[in-house]
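What follows is a single structure, written as structure tokens, with notes after it.
Numbers for residues simply follow the sequence, beginning at 1. Start at 1 and go down the list; that is how both ligands and their atoms are numbered. Source: prediction; values computed, not measured.
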Amino acid sequence: MCDFSSLGLADWLVKQCKQMGINKPTPVQEHCMPPILDGRDCMGCAKTGSGKTAAFVLPVVQKLSEDPYGIFCLVLTPTRELAYQIAEQFRVFGKPLGLKDCIVVGGMDMVSQALELSKQPHVVVATPGRLADHIRSSNTFSMSRIQFLIMDEADRLLEQGCTDFTKDLETILAILPAKRQTLLFSATLTDTLHDLKSIAMNRPFFWESKSDTRTVEELDQRYILTPEKVKDAYLVHLIQKFTDEHDDWSIIVFVNTCKDCQILTMMMREFNFPTISLHSMMKQKQRFANLAMFKASVFKLLIATDVASRGLDIPTVQVVINHNTPGLPKIYIHRVGRTARAGRNGVSITLVTQYDIHLVQSIEAENKTKLKEYPVVEKDVLKILTQVNVTRRQCEIKLESTDFDEKKETNKRKQLILEGKDPDLEAKRKAELEKIRSQKKKFKQNIHETIEKQKRGQLKKKIMKRKQKKKAGPTSA
Ligand SMILES: Nc1ncnc2c1ncn2[C@@H]1O[C@H](COP(=O)(O)OP(=O)(O)OP(=O)(O)O)[C@@H](O)[C@H]1O
């Protein structure tokens, strides 16, 4: 049987693992740790909750113990909460070394971060945007000697989603030494493999867990087909059911937008569920505080946007509910991966409207798993439908009376200013683009109509000809 010692891990680290209840390596640890200890670049793709963090933290801590200096390792991650979680793992495993870490994320005081960076911590865990800001604005630290660059949720860091990290990554990569070990991990690496290979150039070792499915077996994946207007009633019904049936429960509900997150949180509180929210429009300190309270089970229900969909490790979560069907299978994998972690059981329930059926089909095809219908007594849902919808409307009105939408607009403007753009000019440019787009659409429509007209004209002509031929009677050949 494989154990940590046989993988090359030092005795003091094996002891450290034991103290954390980690006795036997998971497959991703078993396969990725030896090549990392051997000095190779590594790309590890394994399912959610399979211990990828320790697979890179343990070898780095071991290497650090052999030659300790700062800054030894840089970890990049897409979300601020995940940065704190990873830093904590470094702190725990590296305790006997007196490992010093520094967390560099947006929404927190930049001056104190700069000060910390200047003290040359062993490990820096950062989100790309804030680290790039530090690089552009100060010269109080150097990363020219780092031994390890780690990109956790590497595919997210490279994809050009709503938060595009590519420019910031360029700034960061430019100051890193070419001679380094690069470690890339995610549960969904495969579609960005090509881009990743250009970052991990040192004979990268690639390991992917072999499995028929991309989600864990311990996860019971369900769906409920519902009209849009009944969704919230289903949600309230489901949460009430879990509260009634389990003493100890913990649920994450994923929603599409910050506004929806806010409204659903208000609604769930109206129904007396101990609810807390997490989304990108909240102050960072509040985000951390809310997550801590959810982790400590002070609040049992977390309503969150996709800021919480990757990496967060909260073992008590038994259920994940998708209030909207995720648009991409990848997003689905990470969201439902917040439950059924490290061999535990869990349930995911996706609320599906008639317009989302094709999304479910692509999720099923990509993950090679069929979602089963979650049985619900419809009569019970319909009983609460009016009450739920009235409550929603009241919450919407309440939210409208606050400055939520204004804040959203202000945040957008702030973001543009940070990106070095003029918000008014951008708005003008957007309006012009919109005008051009609609002109193009009109133009296309006109062409389409003209072609259709011509086709109809030709068809008419053909019919006329045929009729004339018929009238003229059969002709001899
Ligand atoms: N060898 C092990 N044995 C038992 N538990 C482990 C082992 N390694 C890690 N764990 C635990 O498993 C849980 C999940 O690990 P981790 O957060 O690293 O998952 P992950 O693969 O990074 O998931 P995700 O893709 O969602 O980020 C953690 O609570 C961690 O402490």
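Ring-plane geometry between Tyr374 and Phe242 is classed as tilted, the angle between the planes lying from 30 to 60 degrees on a 0 to 90 degree scale.
Remark: of the listed residues Val57, Asp101, Ile86, Asp101 is the sole one forming a side chain to side chain contact (heavy atoms under 4.5 Å, CB included) with Arg91.
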Can I get a per-line list of side-chain donor-acceptor pairs under 3.5 Å for residues 140-151, giving both atom names and the distance, sequence neighbours left out?
residue: Ser142; atom: OG; partner: Ser144; partner atom: N; Å: 3.1
residue: Ser142; atom: OG; partner: Ser144; partner atom: OG; Å: 2.9

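Each ring-ring contact (aromatic ring centres under 6.0 Å, His included) pair with one or both residues in residues 17-44, not counting sequence neighbours, appears once here: His31-Trp207. Within the structure, salt bridge (charged side-chain N to carboxylate O under 4.0 Å, His left out) pairs that include any residue of residues 169-189 do not occur (at least two apart or interchain).
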Can you pull every nitrogen or oxygen pair between ligand 1 and the protein closer than 3.5 angstrom?
residue: ligand 1; atom: 1 (N); partner: Lys24; partner atom: O; Å: 2.7
residue: ligand 1; atom: 1 (N); partner: Gln29; partner atom: OE1; Å: 3.0
residue: ligand 1; atom: 8 (N); partner: Gln29; partner atom: NE2; Å: 2.8
residue: ligand 1; atom: 17 (O); partner: Arg341; partner atom: NH2; Å: 3.0
residue: ligand 1; atom: 18 (O); partner: Lys52; partner atom: N; Å: 3.4
residue: ligand 1; atom: 18 (O); partner: Thr53; partner atom: N; Å: 3.0
residue: ligand 1; atom: 18 (O); partner: Thr53; partner atom: OG1; Å: 2.6
residue: ligand 1; atom: 19 (O); partner: Gly51; partner atom: N; Å: 3.3
residue: ligand 1; atom: 19 (O); partner: Arg341; partner atom: NH2; Å: 3.3
residue: ligand 1; atom: 21 (O); partner: Ser50; partner atom: N; Å: 3.1
residue: ligand 1; atom: 21 (O); partner: Gly51; partner atom: N; Å: 3.2
residue: ligand 1; atom: 21 (O); partner: Lys52; partner atom: N; Å: 3.1
residue: ligand 1; atom: 21 (O); partner: Lys52; partner atom: NZ; Å: 2.8
residue: ligand 1; atom: 22 (O); partner: Thr53; partner atom: OG1; Å: 3.4
residue: ligand 1; atom: 23 (O); partner: Gly49; partner atom: N; Å: 2.8
residue: ligand 1; atom: 23 (O); partner: Arg341; partner atom: NH2; Å: 3.1
residue: ligand 1; atom: 25 (O); partner: Lys52; partner atom: NZ; Å: 2.7
residue: ligand 1; atom: 26 (O); partner: Arg338; partner atom: NH1; Å: 3.1
residue: ligand 1; atom: 26 (O); partner: Arg338; partner atom: NH2; Å: 2.9
residue: ligand 1; atom: 26 (O); partner: Arg341; partner atom: NH1; Å: 2.8
residue: ligand 1; atom: 26 (O); partner: Arg341; partner atom: NH2; Å: 3.4
residue: ligand 1; atom: 27 (O); partner: Glu153; partner atom: OE2; Å: 3.4
residue: ligand 1; atom: 29 (O); partner: Asp313; partner atom: OD2; Å: 2.5

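At a cut-off of 3.5 Å, with distance as the only test, a side-chain donor of Lys47 or Ser211 sits close to an acceptor on the other residue.
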